[in-house]
Amino acid sequence: SLSTTMIRTMKRTATAIIWLLLCNCLHLTHSWTTTNLLPIHNENRRQRQTLGRLNVAAAPSEESVASQDENDLNSKQPEAHKRIYSMPALYDIAFGYRDYEEEVEFLLNQHAELAGFPARRILDVAAGPARHGVTALQLEGQQQGEQQGHSDDDAPLSITCVDLSPEMAQYAQELAIDELDDEQRANFQYITDDIRTLEQLTDTDDGDDDEDGDNSGNANNLFDSAWILLGSLQHLTRNEEVVQCFSRIHSLLRTGGTIVVELPHPRETFSMIDCTRNYWNVPLEDESEADSGELQIVWGDDDDEFDPITQVRQLTIEMKLTNVEETEDIQSVRGIVPTRLFTAQELNAIAALAGFRIPAMFGALEDGVSVSDEDAAFRMVCVLQKQ
């Protein structure tokens, strides 16, 4: 039988291939393109997604909603950006292959190791469907059941999610109702806000620390850790915006608190010759497990424009339903979204400007994967700590 280490290595390699093809994947010396690539799901997730996630019925229609004129999409990038993230069910299905339990365990462990205290109040920035936050609360519930509850000294885990999309917020709140119990939902909050300003969150950090470096009196009102995952920081394409975002989070974290940022690996930037088309399909089924259409995803096209000066790619994103009856709320979407590629050194400099240091970098949301590992590293995961 395969050892646990071998299984984890095989899984990491497969996931690395998916991500390299998926997120801002670049055209290397030997060009390569995905064709009908089905996302890899973990053992607890089904490779085929049910139409219940979309709240629509299967239909034999062979027609899909006509794509909008490409020139119109190019001229209305903000509107295109909103359109892409206004269909959260499609987004959730597209990224259903992620192993959220493993990733959450990594996030919590890395924080505790660096900070010296557990992450009990977590801020999930640009949270989208809030899968990481919901999973964290579910894992907490499982551990409580195994340990017959926490000690009186342990604060309950609480998750605050923030996203600019009201559709994502509504979807995540409905997800929480479906998948969390009453106690867990009481510790789940979703706010619609701009991640650069986070105006709806109270700034309780007055900068007055005790001798031991902790925030006196107000530490319980501050967050322990913040997450910016799935490359969400890429939507901030100017340094000023990233500094603004980090500085705002800095004011909301207790001293020693952390931000975990997940981004594409920098080797993508420095290996670029041309952008390439990356796409994969997710089969859909109805409640009786009968075939009921397909979700076709494009995450980057071969004619995307890339500016090497600003490191910004005009990323084509399309999520297209086939043989599924579309409605006003659930329909195929396509748009062009500006996304920035980061290097490690510039992220270090930006973090320092906002009052953070970066004591650790990884090549995946997994322990033991160095960011410099040429074989295993496929993401740049930076752990920032408040100084």
Does any part of the side chain of L107, heavy atoms only, come nearer than 4.5 Å to the side chain of S225, both counted from C-beta? no
Under 3.5 Å: donor-acceptor pair, side chain of E105, backbone of E102: no
Would a 4.5 Å heavy-atom cut-off, applied to side chains only, mark L253 and I259 as touching? yes
The salt bridge (Lys or Arg N to Asp or Glu O under 4.0 Å) partners of E305 (sequence neighbours excluded) come to none
Pair Q189-S158, side-chain donor/acceptor within less than 3.5 Å: no
Taking the side chain as every heavy atom from C-beta outward, state whether T197 and Q244 have any atom pair closer than 4.5 Å. yes
Donor-acceptor contact present, side-chain D193 to main-chain Q200, <3.5 Å: yes
For L139, which of V104, L108, V134 qualifies under side chain to side chain contact (heavy atoms under 4.5 Å, CB included)? V104
Pair L321, L284 - check side-chain contact (heavy atoms from CB on, under 4.5 Å), show working. CA-CA 9 Å; L321 289 163; L284 302 173; 3.9 Å; yes
Do any N or O atoms from the side chain of E294 and from the backbone of N281 form a donor-acceptor pair under 3.5 angstrom? no
Would you check if there is a donor-acceptor pair between the side chains of T343 and Q345 at a distance under 3.5 Å? no
Main chain of T237, side chain of E241: is a donor-acceptor contact present, judged purely on distance under 3.5 Å? yes
Are any non-hydrogen side-chain atoms of F95 and R131 less than 4.5 angstrom apart? no
Do you know which two heavy atoms are closest between A344 and P266, and how far apart they sit? N-CG, 4.2 Å
Where do A119 and L157 come nearest, in terms of heavy atoms and distance? O-CD1, 3.5 Å
For S288 and D286, which I'm curious about, is there any donor-acceptor pair between the side chains at under 3.5 Å? yes
Can you tell me how far apart CD1 (I317) and OG1 (T339) are? Round to the nearest 0.5 Å. 7.5 Å
F106: what forms a ring-ring contact (aromatic ring centres under 6.0 Å, His included) with it, not counting sequence neighbours? F362
Output yes when a side-chain donor or acceptor of S165 lies under 3.5 Å from a complementary backbone atom of Y85, and no otherwise. yes
Could you tell me whether the side chains of Q138 and E179 share a donor-acceptor contact shorter than 3.5 Å? yes
Do Q314 and D307 have side-chain atoms, one donor and one acceptor, less than 3.5 Å apart? no
Can a donor-acceptor pair be found, under 3.5 Å and without considering hydrogens, that links the side chain of H111 to the backbone of F117? yes
With R277, the side-chain hydrogen bond (donor to acceptor under 3.5 Å, both in side chains) member among D301, D304, T316, D303: D301
Would you kindly check if the NZ (Lys) or CZ (Arg) of R121 is within the cone defined by 45 degrees around the ring axis of F223 and under 6.0 Å from the six-membered ring centre? yes
R98 and L230 have their tightest heavy-atom pair at NH1-CD2, 3.2 Å
To the closest 0.5 Å, what do you measure between CG (N109) and CG (D367)? 6.0 Å
Considering only heavy atoms from C-beta outward, does the side chain of Y190 approach that of L175 to under 4.5 Å? no
Exam field: side chain H250 to backbone K386, donor-acceptor pair closer than 3.5 Å: no
Taking every non-hydrogen atom, the tightest pair across F342 and L347: CD2-CD1, 4.0 Å
CD1-CZ distance between I84 and R334, expressed to the nearest 0.5 angstrom: 8.5 Å
Does the side-chain contact (heavy atoms from CB on, under 4.5 Å) test come out yes or no for L201 and L123, once each step is laid out? CA-CA 10 Å; L201 295 175; L123 177 64; 3.7 Å; yes
Would you indicate whether the side-chain heavy atoms of E183 and P156 approach each other to under 4.5 Å? no
Pair Y100 + H132: ring centers closer than 6.0 Å: yes
Show your working on side-chain contact (heavy atoms from CB on, under 4.5 Å) between L164 and I195 and close with a plain yes or no. CA-CA 7 Å; L164 190 60; I195 67 171; 6.0 Å; no
Should the pair E240-R196 be classified as a salt bridge under the 4.0 Å nitrogen-to-oxygen rule? no
Between F306 and L341, is any pair of side-chain heavy atoms under 4.5 Å apart? yes
Quick test of your reading of the model: are R379 and E366 salt-bridged, counting only N-O distances below 4.0 Å? no
C161 SG to D163 CG distance, which is reported to the nearest 0.5 Å: 9.0 Å
Return yes if a side-chain donor-acceptor contact under 3.5 Å exists between R340 and Q311, otherwise no. no
Testing the basics here: between R313 and G300, what is the closest heavy-atom pair and its distance to 0.1 Å? NH2-CA, 3.5 Å
Beyond-backbone contact of F246 with I228, side-chain heavy atoms, under 4.5 angstrom: yes
Closer than 3.5 angstrom, by distance alone: can the side chain of Q385 be matched with the main-chain N or O of L114 as a donor-acceptor pair? yes
side-chain contact (heavy atoms from CB on, under 4.5 Å) between M87 and Q331: does it pass, once the steps are laid out? CA-CA 8 Å; M87 297 294 159; Q331 56 186 272; 3.6 Å; yes
